[in-house]
Protein chains: 2
Amino acid sequence: MSTSSDSKTGKPGATVREKIRAQYAALTQSERKFANALLANYPAAGLASITIVAASADVSTPTVARMVQKLGYKGYPQFHRALLRELEATVSGPTQRRANWASEVPATHLLNRFVTAIGQNIEQTLSNIDTTQFDEAVQVLADTDRRLYLVGGRITRALAEYAFTHFQAVRQRITHMTSSSATWPHYLLDMEAGDVLLMFDVRRYETNLQRLAELAAERGVHVILITDQWASPVATVAKHTFHCWVEIPSAWDSNISTMMLLETLIAAVQEENWPETRARYERLDEIFDAARLFGK
Amino acid sequence: MSTSSDSKTGKPGATVREKIRAQYAALTQSERKFANALLANYPAAGLASITIVAASADVSTPTVARMVQKLGYKGYPQFHRALLRELEATVSGPTQRRANWASEVPATHLLNRFVTAIGQNIEQTLSNIDTTQFDEAVQVLADTDRRLYLVGGRITRALAEYAFTHFQAVRQRITHMTSSSATWPHYLLDMEAGDVLLMFDVRRYETNLQRLAELAAERGVHVILITDQWASPVATVAKHTFHCWVEIPSAWDSNISTMMLLETLIAAVQEENWPETRARYERLDEIFDAARLFGK
DNA sequence: ACCCTACTGAATAAATCTTTTCACAACGGC
DNA sequence: GCCGTTGTGAAAAGATTTATTCAGTAGGGT
């Protein structure tokens, strides 16, 4: 469908938004700055004069002028008119309220049903988090005197993996326990009282994980559990439990809210000890740069 | 606060529409002509230059200038700004609804700042998805005549992993290309024209992935790219590209919107061929049950 | 018919916006 | 490290817009 010439100038009838998307790769840094500002407040952020619009995106007027030409408009006034025509069409259309979304995604489209469900899940999850518990868990996770173990179930293994990659950038002494439960006894052997086990367990709950949590708890390990709204049996031995709403119109469960909680935990741990984290990031960058040269 | 002039010009905070209604009796014939044109196409008919706006209402510019002063604005530019602010408020309506997610969590708490950012990312991502492209990509991903390869970068490997686990439940002939690029040539060897490569690449973009995408594309492989708002260089060879907004108040990028897009794709592929998928889920359950007995 | 008042838009001057040019800065390749 | 390329914004020239003035016109009252 999409030909190469389209990607240069965009279809004549395309919306400004579409044109920006089509051209995004070809935009320079400042131009993207403006593009982002416009997309973030579309179309209002493009309906003032070029001077004002440029100033509020914190770029110069020539940058805006150049960009609209890249998008295929002869000049700023033409671009302005295009936005206005779009606005006119949108407002006179039936779905005035959700103009921003509805303009491109029909309400009945799977995308929209899905995002609505996810929004509800996030809302539910958030309103069921006890900030005190959250802050406590963050303290524990940020404490490098404790070794941190990560483990997930069949589906949530990917989340544990994600957690591992990010926590690795933030702190040391982390272990991702592979999913194969056959190897778990070896890890248990090394766990000490005070160590932390961050565990993901959503339905269908796995007996293996429960057994692991029990054994760890017996050894004085601090178990933090991220589970679903119905709560894994692991909750009985966990010191901190977080519930994530996961239902979506589908045969399986969504892990968006789970991931949201995870990312927030990571961000909080990172903030907890920012100077050290920052130093780690810098060193990490250096090493990646070195590795890149390596590969060449 | 309320002066006698308010009764003439309307309350300071009133919308332009309200001000026009309030002043309508005091307007002259030509001014009403313009007022009607504006109300009929609100607010677009007031967002161009005074010259254009006057011409399309078939009145003179002084008429418009006089009228906006009657409404209480110092001049046309101020009137223009007022309309723009209204538009902004309308369009950002759904965003403000997100503020209610806050529930009990204090507004300044990291959780809240984070969730707000994520909400914006999801919204941005959604409004930048072309449903046609989305539907096309789903068709391709659901086609089991094509072999499906999955690959991610350093961070997004976990997403590829997640995609693999779920796609496995939905369809056959899938391969998760491990992150170690040393093994990629073997996979490339087996790729045929028409096969699909679903690739995750968010900044910092990896040269390896770009090279892989190029080689695959040369062999006629259909590359589907999930990237960030700044677009990975892979986009140039990808048949379908999806942009996910990933910025959060943190040193790293959020992959919530990425994951949302992924889950939606999986759900769509699943719906595409529901009877078969359902049968697979049932058999999968049986096998898990059998495996459970196994382990005891 | 006459005047008076209020309204309207052509014309204009001032202000603002738009575009282009150009010099400098940042980056990547050699 | 150097050089060519590319990106960026200050500045100025050119175009447009805005506000005002003012002459002409329409309508209502006497």
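Proteins get letters first, then strands, A, B, ... in listed order; numbering begins at 1 in each. Note that these values count all heavy atoms, side chains included, but never hydrogens, waters or copies made by symmetry.
Distance OH (B:Y73) to C1' (D:dA19): 18 Å, rounded to an integer number of Å. Taking atom CG on B:D58 and atom P on C:dA10, their separation rounds to 10 Å, with Å as the unit. To the nearest angstrom, C1' of C:dC7 lies 13 Å from CZ of B:R32. The distance from atom CD1 of B:I52 to atom C1' of C:dC17 is 13 Å, rounded to the nearest whole Å. The interatomic distance linking B:L27 (CG) with C:dA6 (P) rounds to 16 Å, in whole Å. In this structure, the CZ atom of A:R81 is 10 Å from the P atom of D:dT16, given to the nearest Å. Straight-line distance from the CZ atom of B:F34 to the P atom of D:dT18: 11 Å, rounded to whole Å. In this structure, B:H80 places its NE2 atom 15 Å from P of C:dT16, rounding to the nearest Å.
Comparing C:dG9, C:dT19, D:dA19 by their closest approach to the side chain of B:Y76 singles out D:dA19. Closest to the A:R66 side chain, of the nucleotides C:dT19, D:dG9, D:dT18, is D:dG9. When distances run from any side-chain atom of B:I50 to the nucleotides D:dT18, C:dC17, D:dG9, the shortest one goes to D:dT18. When the nucleotides D:dA11, D:dT8, C:dG9 are ranked by their closest atom to the side chain of A:P62, D:dA11 comes out on top. Distance from the side chain of A:T51 is smallest to C:dC17 among C:dC17, D:dA10, C:dT19.
Looking at A:S30 and A:T63, their side chains never bring a donor and an acceptor atom within 3.5 Å of each other.
With respect to the salt-bridge test (charged N to carboxylate O, under 4.0 angstrom), the residues B:E206 and B:R154 do not qualify. Taking 4.0 Å as the cut-off between side-chain N and carboxylate O, B:R211 and B:E214 count as a salt-bridged pair.
Geometric assessment of B:K19 against the ring of B:Y73 yields a positive cation-pi assignment under the 6.0 Å and 45° thresholds.
A close approach under 4.0 Å does not occur between any side-chain nitrogen or oxygen of B:T63 and OP1 or OP2 of C:dT8. Neither OP1 nor OP2 of D:dG27 sits under 4.0 Å from any side-chain N or O of B:Q29. Listed pair B:T28 / C:dC7 fails the phosphate criterion, with no side-chain N or O lying under 4.0 Å from OP1 or OP2.
Using cut-offs of 30° and 60° for the angle between ring planes, the B:F242 and B:H240 rings count as parallel.
As judged by a 4.0 angstrom heavy-atom cut-off over every strand, A:S30 is placed among residues touching the sugar-phosphate backbone only. Here A:S49 lies in heavy-atom contact (under 4.0 Å) with sugar-phosphate atoms only. A:Q69 comes within 4.0 angstrom of the backbone, heavy atoms only, and of no base.
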